[in-house]
Amino acid sequence: MMGEKIGVYVCHCGSNIAGKVDVEEVARWAADLTNVEVSRHYEFMCSSLGQELVENDIQEKGLTRVVVAACSPHMHERTFRGACARAGLNPYLFEMANVREHDSWIHDEPVQATNKAKALVSAAVHRVTYHEPLEPMQAKINPATLVVGGGVAGIQAALEIAEAGYPVYLVEREPSIGGHMAQLDKTFPTLDCSACILTPKMFDAGNHPNITLLSYSEVEGVDGYVGNFTVTIRKKARFVNEELCTGCGICTEKCPKRVIDGVFEAGLGYRKAIYRPFPQAVPKYPVIDAESCIYFERGKCKACQMFCPTEAIDFEQEDGIVTVEVGNVILATGYDLFDTRKIPQYGYGRLANVFTSLEFERMVNAAGPTAGSIVLRDGVTTPGSVAIVHCVGSRDKNYHEYCSKICCMYSLKFAHLVHERLPGTEVYNFYIDMRTPGKGYEEFYHRLLEEGTHFIRGRVAEITDAVRRPGEEGKIIVQAEDTLMGAQRRIPVDMVILSPAIQARHDASHVAHLFGISCSHDNWLIEKHPKLDPVATMTDGIFIAGCVQGPKDIPDSVAQGAAAAARVLGLITQGEVELEPVRAIIDEERCSGCRICNNMCPYHAIDFIEDPGVSRVNPALCKGCGTCVAACPSGVVTGAHFSNEQIMAEIEGILVSLDGKEPIPEVEALTA
Amino acid sequence: MSEKDNFEPVIVGFLCNWCSYRAADLAGTSRIKMPPNVRDIRVMCTGRLDPVFVLKALREGADGVLVMGCHPGQCHYVEGNYKTMRRMALLKRTLRQFGLEDERVRLEWASAAEGPKFAATVTQMTETIRELGPLNWKQLLGGNGHFRPVLEPELEEVAA
């Protein structure tokens, strides 16, 4: 510890740090700290010249420790560890002081900012003195990958990896893959038929020799770490033997029970109790919905079993548990739609002819419940006028503050479809701002302007059937302030379509917890870096793609699916990764065998060894949280890189006296 | 001006690597201004926080200690923050017996997305400690590690 030679480097980061912190003064001050051999300041420490400064000093001045005061360690710790390693110094003999995010960027007063920088540098210098050389652990990467969610993002990711020749497990909660895209009619702005472009991909995913499709299944447990995850998956009982079923569909035809399809048909259409969500479903096998099946309700019927030509119906089937070993995980669990009933003044659920976007989407779909005709709730009348309300539940402080990104475009698409299918119908789009960034999107908006859609700029206040003026009888009245005219307007229409926000899945926080990653306050899963690492997460080996990360349209979701796959393939081809050696170690000589740490460990990484009567850490399972270190009554568990000595020294360093007052005299150490 | 008016509290912040340290980073990236009185120490998890660290910080001259972790149920290490919650409750009981004001040691949560919450907590904590005034640990503990209660002036006379 004593006799270490520490090099301190204070970064200007252009004016980012130097604009507030007197970096020269900090460097000068740090030179007098114990063990500091050299103290410098430099314009950009992360530049190659800055790194060379460190490397040269290590080699020429024989530095044994390095401190860089710059940005967050989450930004450049790796960079400077690399510089140390290149100069032959163990990379863990380096410490970073965060004087940008935690100092210059958040404080206005230069003297105070400079003082805080000194305290942070002093903390790092004290801490680094006690650093020990560590060797990263190697972990082999299992070439198999788990993709959770069979929407377009998940399908894309699975196909990319499978095409590269590696095995994929694709888990989907619903009976078929396809996700929301399978429900859509047309995609903006090209007006491609959604099913026509998606079903070939679904078929490929379902039939690819490298893809094991686990539909109607949910992940129940995840264990392990990058390269070596063990995942438990519940395969819900389909009551159909997949090995015997040919997907002929006779069972569905013969089933006497009709129920409202609240999932795929958004409540607009019906399905049978034994059903495939849609004709092109992958896999082709149907599912018995036990909650509505007559046999499960009353104990008789079995019509499906009677007519099944291959005897594939199995009422005795039970949920199966499948355990798979994978090296990486891609989460693509998608989104939910905002529940429009939460805005009662918009009348959904009360006024019959107020529809949600997904209902309309199914209605205009040729394969949907109305075979593509746009009709009112009665099923026959065609509307003479349609209002489309943007931003329902989005850009609204009461619900979701964010912009849901895709609603303007699909609302324009709806307007176009109404013009196309029902020429002469008046279409009113109520918007706050028209947001059409994307290739060909703005052009699509202009096309709609030419098609004669009425655009009214203003948030809708109320949708009602209360008549106030002549001409409103029997209509739904949409009231809004037209902010371009500066006037209140009441537009009577026959049909209203609400464009609800897309929001995080109701169980997103559960999924995040299961896979050990975090969500934002909106419950979107958090990426490693919002700009530069959008598909990785803070947990190595777990990647995210599509709307699970935030609102996204189809091209963005596909791009993210492919991006996540590329990241996974990178890891697979490397074959091995280095793991941070931040682990707990028990000094077995001094362990009393009290076993307190055994129960503290959330990963069951500490075992009690009967023979010598001591506890031992399994380094492969330990994740380095340090809970056991803090709990050990004998103080014999050491957290590598976060040891008691290191943190104690950091505390002493951070409380360095900066105003010339006498430091507190040393009494006996409080260390346990 | 009295000493209290000039008083700039020194607060040690123990932040977990995954949520609150990142919340602090986010506050920085978003340039949210806050008082410079909290100096941060990064730990992997608040579960690593040995209560001795808090005592050490107070003894070394901190006027307050702010511990921040992931929201309950969102701990990167499953449940480290629950363990901290228990340890902090016990520690605060001990500190109360030393005569330490409750507000000097505080446990708060901030997710990686809650930069504004981090800044608000730092601001609040600084104001609270500024109100309380400097922590005189030596007076509280008598300098030799033994507890010495702060006596009312009248009792001081009797004791003398």
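Reckoned from all heavy atoms, side chains included, excluding hydrogens, waters and symmetry mates. All chains are named by letter (A, B, ...) in the order of the sequence lines, taking the proteins before the strands, and each is independently numbered beginning at 1.
- Only the side chain of A:Leu120 comes within less than 4.5 Å of a heavy atom in chain B; its backbone stays farther off.
- Scanning both residues, A:Cys628 and A:Val637, for their nearest heavy atoms gives SG-CG1, 3.8 Å.
- Of the listed residues (A:Glu101, A:His102, A:Arg100), the greatest number of heavy-atom pairs within a distance under 4.5 Å of chain B belongs to A:His102.
- In this structure the side chain of A:Val26 reaches within 4.5 angstrom of the side chain of A:Val21, judged on heavy atoms.
- Taking CZ of A:Phe229 as the start and CD1 of A:Ile542 as the end, the distance is 4.0 Å to the nearest 0.5 Å.
- Within residues 110-118 of chain B, the residues having any heavy atom less than 4.5 Å from a heavy atom of chain A are, in residue-number order, B:Ala112, B:Ala113.
- Distance alone, capped at 3.5 Å, places no donor-acceptor pair between the A:Lys20 side chain and the A:Asp103 backbone.
- The minimum heavy-atom distance between A:Thr114 and A:Asp22, with the atom names listed, is OG1-N, 3.1 Å.
- Residues B:Lys83 and A:Thr627 share a closest heavy-atom pair of CD-CG2, 3.2 Å.
- Residue A:Ala584 does not touch chain B at all, counting heavy-atom pairs closer than 4.5 Å.
- Only the backbone of B:Val38 comes within less than 4.5 Å of a heavy atom in chain A; its side chain stays farther off.
- Residues meeting the ring-ring contact (aromatic ring centres under 6.0 Å, His included) test with A:His107, sequence neighbours left out: none.
- Note: A:Cys625 leads A:Cys632, A:Gly639, A:Cys625, A:Gly626 in heavy-atom pairs under 4.5 Å with chain B.
- Comparing A:Ser104, A:Ser509, A:Gly624, A:Ala123 by heavy-atom pairs within less than 4.5 Å of chain B, the highest count is held by A:Gly624.
- Residue A:Met600 touches chain B through both its backbone and its side chain, counting heavy-atom pairs closer than 4.5 Å.
- Around CG of A:Asp223, the count of heavy atoms belonging to other residues, nucleotides or ligands within 6.0 Å does not exceed 12.
- No part of B:Ile11 comes within reach of chain A, as not one of its non-hydrogen atoms sits under 4.5 angstrom from that chain.
- In this structure, A:His529 places its NE2 atom where more than 12 heavy-atom neighbours from other residues, nucleotides or ligands lie under 6.0 Å away.
- Heavy-atom proximity under 4.5 angstrom to chain A picks out B:Tyr21, B:Arg22, B:Ala24, B:Asp25 from residues 19-26 of chain B.
- Checked by atom type and distance alone, the side chain of B:Asp63 pairs as donor or acceptor with a backbone atom of B:Leu135 at under 3.5 Å.
- Heavy-atom neighbours of chain A within the stretch residues 27-37 of chain B, taken at a separation under 4.5 angstrom, comprise B:Ala27, B:Gly28, B:Thr29, B:Arg31, B:Ile32, B:Lys33, B:Met34, B:Pro35, B:Pro36.
- Counting heavy-atom pairs closer than 4.5 Å to chain B, the top-ranked of the candidates A:Ser520, A:Ala631, A:Cys71 is A:Ala631.
- Contact check on B:Arg130 versus B:Glu8 returns a salt bridge, with a Lys/Arg side-chain nitrogen under 4.0 Å from an Asp/Glu carboxylate oxygen.
- With A:Glu580 as the partner, the salt bridge (charged side-chain N to carboxylate O under 4.0 Å, His left out) test is satisfied by one option alone out of A:Lys623, A:Arg78, A:Arg81: A:Arg81.
- Rounding to the nearest 0.5 angstrom, the gap separating the CZ atom in A:Phe515 from the NE2 atom in A:His510 is 9.0 Å.
- Taking all atoms of both residues into account, the shortest heavy-atom contact from B:Gly133 to B:Phe7 is C-CE2, 3.4 Å.
- Between B:Tyr77 and B:Cys45, the closest heavy-atom pair is CD1-CB, 3.4 Å.
- Looking only at atom types and distance, the side chain of A:Tyr402 has no donor-acceptor partner in the side chain of A:Gln503 under 3.5 Å away.
- Interface residue A:Ile526: only side-chain heavy atoms are found under 4.5 Å from chain B.
- Interface summary for chain A: among B:Val12, B:Asn17, B:Val10, B:Leu49, the most heavy-atom pairs under 4.5 angstrom belong to B:Asn17.
- For the side chain to side chain contact (heavy atoms under 4.5 Å, CB included) with A:Phe94, the qualifying choice from A:Val68, A:Val128, A:Val67 is A:Val68, the only one to do so.
- Heavy-atom minimum distance, A:Leu134 versus A:Ala640: CD2-CB, 4.2 Å.
- Contact of A:Lys116 with chain B is made through the side chain alone, with heavy-atom distances under 4.5 Å.
- The pair A:Glu650-B:Arg42 fails the salt-bridge criterion, with no side-chain N (NZ, NE, NH1 or NH2) lying under 4.0 Å from an Asp/Glu carboxylate O.
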